[in-house]
**Q** 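This is the structure I want to talk about, given as structure tokens.
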Amino acid sequence: MVLPGSIDECLAVLSKRGGDAKLVAGGTDLLPQMKNGAIKPTLVVDLSGIARIRQIQIGQGLRIGAAVTARELEVSAATRGAYLSIAESGALVGSLQVRNLATIGGNLCNAAPSADMAPPLLALETQAVIAGPKGERRVPIADFFTGVRQTVLQPNELLVELVTPPPGAHSGGQYLRHTPRRELDIAVVGVASQLTLEGGRCVKARIALASVAPTPVRAVAAERALEGQAVTPELIEQAAALAIDAARPIDDQRGSVEFRKHLVRILTRRTLTTALQRASA
Ligand SMILES: Cc1cc2nc3c(=O)[nH]c(=O)nc-3n(C[C@H](O)[C@H](O)[C@H](O)COP(=O)(O)OP(=O)(O)OC[C@H]3O[C@@H](n4cnc5c(N)ncnc54)[C@H](O)[C@@H]3O)c2cc1C
């Protein structure tokens, strides 16, 4: 195990050992995978000594360090204002003990289709800042995931922070998920919606779904149905039905394809209704 004190130190380790090293933040995904033998890194690189990736900053938008925990997102004044859906997604992760360890970077880099922290970031058009041997690059979170447990990150790179633009004055969002159990369960479906209003009409709609495809996805047809319109309960119902088109769920013991599609409709309706109330407040 090594404990780099800066991003540069971490990159130096990765440039030598990137292929067989694994970064660890909270360890809530990595340690179970190491315990069950799914992965066998020969070196573990602990990110907890890198101050820059542990900060939340609010100014021209929101910057969340990759090692910020779910609990910090849940309680931070920075997220509980204009970025409430991010706080809501942090609040739903695991138990309090898990949330005190689980980081946003770990959640995204583990890239489970059910990752709760991804949909709000998609709906808020967040960019991932990635550090590598050639400096830093920015990737829209919509392009960050490439498959189940796969991302654009190279073995010699690390996720540094998530940068979210200000959503605007009359904007509101919500994240909801369905789980069979209240706690310590993963999303059968998760939905984040974000609406921005101007003069009584919707000027921007973003809807992101989790657990219905190999990666989190935007429900683009539903977004288009809302944009340019006065948002009524009937229009929300229409958009919720359209959101189903973006879902490509699988059948498994946690939910059938039909059940998951049904949940997409229900959760899209609910999150859009709350997003409208919050944007109008
Ligand atoms: C009991 C339990 C309940 C859970 N409940 C939920 C839940 O409700 N919702 C949910 O979404 N998840 C849940 N999880 C999964 C997990 O807690 C989250 O995905 C968590 O956010 C992972 O963060 P971490 O810091 O622990 O990641 P780690 O385990 O430290 O790392 C995960 C992966 O990301 C990589 N990584 C970490 N940080 C970086 C970085 N900065 N740059 C590049 N790679 C990096 C690691 O190498 C590793 O491959 C649960 C897990 C447990 C054990």
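Indexing begins at 1, ligand by ligand and atom by atom, following the structure's order. Keep in mind it's a predicted model, so treat the numbers as computed, not measured.
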**Q** Considering only non-hydrogen protein atoms, determine which one is nearest to atom 12 (N) of ligand 1 and report residue, atom name and distance to 0.1 Å.
**A**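 Checked against all protein heavy atoms, atom 12 (N) of ligand 1 sits closest to Asn107 ND2, 3.6 Å.
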**Q** Which protein non-hydrogen atom lies closest to atom 29 (O) of ligand 1, naming both residue and atom, and how far is it?
**A** Leu30 N, 2.7 Å
**Q** For Leu124 and Pro167, work out which heavy atoms get closest and say how close.
**A** CD2-CB, 4.1 Å
**Q** Salt-bridged, Asp252 to Arg260, with N to O below 4.0 Å?
**A** yes
**Q** Name the closest protein heavy atom to atom 27 (O) of ligand 1, giving the residue it belongs to and the distance to 0.1 Å.
**A** Gly106 CA, 3.3 Å
**Q** Looking at CG of Leu226 and CD1 of Ile236, how far apart are the two atoms once the value is rounded to the nearest 0.5 Å?
**A**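 CD1 of Ile236 is found 7.5 Å from CG of Leu226.
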**Q** Among Glu161, Arg177, Arg99, Lys22, which residue places a heavy atom closest to atom 49 (O) of ligand 1?
**A**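 When every heavy atom of Glu161, Arg177, Arg99, Lys22 is considered, Lys22 comes closest to atom 49 (O) of ligand 1.
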**Q** Counting from 1, what ligand 1 atoms have a heavy atom of Val24 closer than 4.0 Å?
**A**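 Taking each heavy atom of Val24 in turn, ligand 1 has 30 (O) under 4.0 Å.
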**Q** Using atom types as modelled and distance alone, determine if a side-chain donor or acceptor of Arg206 lies under 3.5 Å from a backbone N or O of Glu223.
**A** no
**Q** Which ligand 1 atoms, with their elements, are less than 4.0 angstrom from a heavy-atom of Leu92?
**A**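 It comes down to these atoms of ligand 1: 8 (O).
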**Q** For Val191 versus Val264, what's the shortest heavy-atom pair and its separation?
**A**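 Nearest heavy atoms, Val191 then Val264: CG2-O, 4.4 Å.
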**Q** Considering non-hydrogen atoms of the protein only, which is the closest contact for atom 4 (C) of ligand 1, and what is the distance?
**A** Gly94 CA, 3.9 Å
**Q** Does the side chain of Asn110 come within less than 4.5 Å of Arg149's, by heavy atoms?
**A** yes
**Q** Taking everything shown except Arg254 itself, do over 12 heavy atoms lie less than 6.0 Å from its CZ?
**A** yes
**Q** Looking at atom 22 (C) of ligand 1, what's its closest protein heavy atom, distance included?
**A** Asp29 OD2, 3.2 Å
**Q** For Gly26, take its heavy atoms, then give the atoms of ligand 1 lying under 4.0 Å from any of them.
**A** 24 (P), 25 (O), 26 (O), 30 (O)
**Q** Less than 4.0 Å between a side-chain N and a carboxylate O, is that true for Glu72 and Arg54?
**A** no
**Q** Only one of Ser85, Pro216, Ser193 clears side-chain contact (heavy atoms from CB on, under 4.5 Å) with Pro120; which?
**A** Ser85
**Q** Is it the side chain (CB and beyond), the backbone, both or neither of Ala66 that lies under 4.0 Å from ligand 1, heavy atoms counted?
**A** side chain
**Q** Using the salt bridge (charged side-chain N to carboxylate O under 4.0 Å, His left out) definition, which of the options Arg17, Lys22, Lys16 pairs with Asp20?
**A**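 Testing Asp20 for a salt bridge (charged side-chain N to carboxylate O under 4.0 Å, His left out) against Arg17, Lys22, Lys16 leaves exactly one candidate, Arg17.
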**Q** Can you see which heavy atom on Ala25 is nearest to which on Leu47, and at what distance?
**A**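 That closest heavy-atom pairing would be CB-CD1, 4.4 Å.
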**Q** Which of the atoms in ligand 1, numbered in the order shown and given with their element, are less than 4.0 Å from a heavy-atom of Asp116?
**A**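 Listed by number with element: 7 (C), 8 (O), 9 (N), 10 (C), 11 (O).
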**Q** Which of the listed options, Ile130, Ile104, Val98, Thr69, holds the heavy atom that is closest to atom 2 (C) of ligand 1?
**A**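 When every heavy atom of Ile130, Ile104, Val98, Thr69 is considered, Val98 comes closest to atom 2 (C) of ligand 1.
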**Q** Purely on distance, is any nitrogen or oxygen of Pro32 under 3.5 Å from one on ligand 1?
**A** no
**Q** For the side chain of Arg177 and the backbone of Leu92, is there at least one donor-acceptor N/O pair under 3.5 Å apart?
**A**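 Such a contact is found between Arg177 side chain and Leu92 backbone.
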**Q** Just to verify, what does Asp8 make a salt bridge (Lys or Arg N to Asp or Glu O under 4.0 Å) with, not counting sequence neighbours?
**A** none
**Q** Sorted by first residue and then second, give each ring-ring contact (aromatic ring centres under 6.0 Å, His included) pair with at least one member in residues 68-103; sequence neighbours left out.
**A**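 The answer is none; no pair qualifies.
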**Q** Answer yes or no: is there a donor N or O on one side and an acceptor on the other, between the side chain of Thr126 and the main chain of Ile141, under 3.5 Å?
**A**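 Between the backbone of Ile141 and the side chain of Thr126 there is no qualifying donor-acceptor contact (under 3.5 Å).
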**Q** What residue and atom, counting heavy atoms only, is the protein's closest point to atom 1 (C) of ligand 1, and at what distance?
**A**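 For atom 1 (C) of ligand 1, the nearest protein heavy atom is Leu184 CD2, 3.4 Å.
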**Q** Can you name the atoms of ligand 1, numbered from 1 with element, that are less than 4.0 Å from a heavy atom of Leu47?
**A**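 Atoms satisfying the 4.0 Å criterion: 38 (N), 39 (C), 40 (C), 41 (N).
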**Q** For atom 28 (P) of ligand 1, what's the nearest protein heavy atom and its distance?
**A**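 Result: Gly27 N, 3.5 Å.
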**Q** Among all the protein's non-hydrogen atoms, which is closest to atom 46 (C) of ligand 1, and how far away is it?
**A** Leu23 O, 3.0 Å
**Q** Considering the heavy atoms of Asp185, write down every atom of ligand 1 situated less than 4.0 Å from one of them.
**A** 8 (O)
**Q** At a 4.0 Å threshold, what atoms of ligand 1 neighbour a non-hydrogen atom of Ala115?
**A**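 In order of numbering, the contacting atoms are 11 (O).
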**Q** Check Met117 against ligand 1 and report side chain, backbone, both or neither, counting heavy atoms closer than 4.0 Å.
**A** side chain
**Q** Atom 17 (O) of ligand 1: protein heavy atom closer than 4.0 Å?
**A** yes
**Q** I'd like to check which ligand 1 atoms, numbered from 1 as shown, lie under 4.0 Å from a non-hydrogen atom of Ala25.
**A** 25 (O), 30 (O), 38 (N)
**Q** Counting heavy atoms only, which of Val68, Thr28, Leu14 is nearest atom 53 (C) of ligand 1?
**A** Thr28
**Q** Are the charged groups of Glu227 and Arg224 less than 4.0 angstrom apart, N to O?
**A** no
**Q** Does any N or O of ligand 1 fall below 3.5 Å from an N or O anywhere on Leu159, backbone included?
**A**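 Yes, Leu159 has an N/O under 3.5 Å of an N/O on ligand 1.
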**Q** Record the part of Gln97 in heavy-atom contact with ligand 1 below 4.0 Å; permitted values are side chain, backbone, both and neither.
**A** neither
**Q** Does any N or O atom in Leu153 lie less than 3.5 angstrom from one in ligand 1, N or O only?
**A**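 No, there is no polar N/O contact under 3.5 Å.
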**Q** Test your reading of the structure: does Cys109 have an N or O sitting under 3.5 Å from an N or O of ligand 1?
**A**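 No, since none of the N or O atoms of Cys109 sits under 3.5 Å from an N or O of ligand 1.
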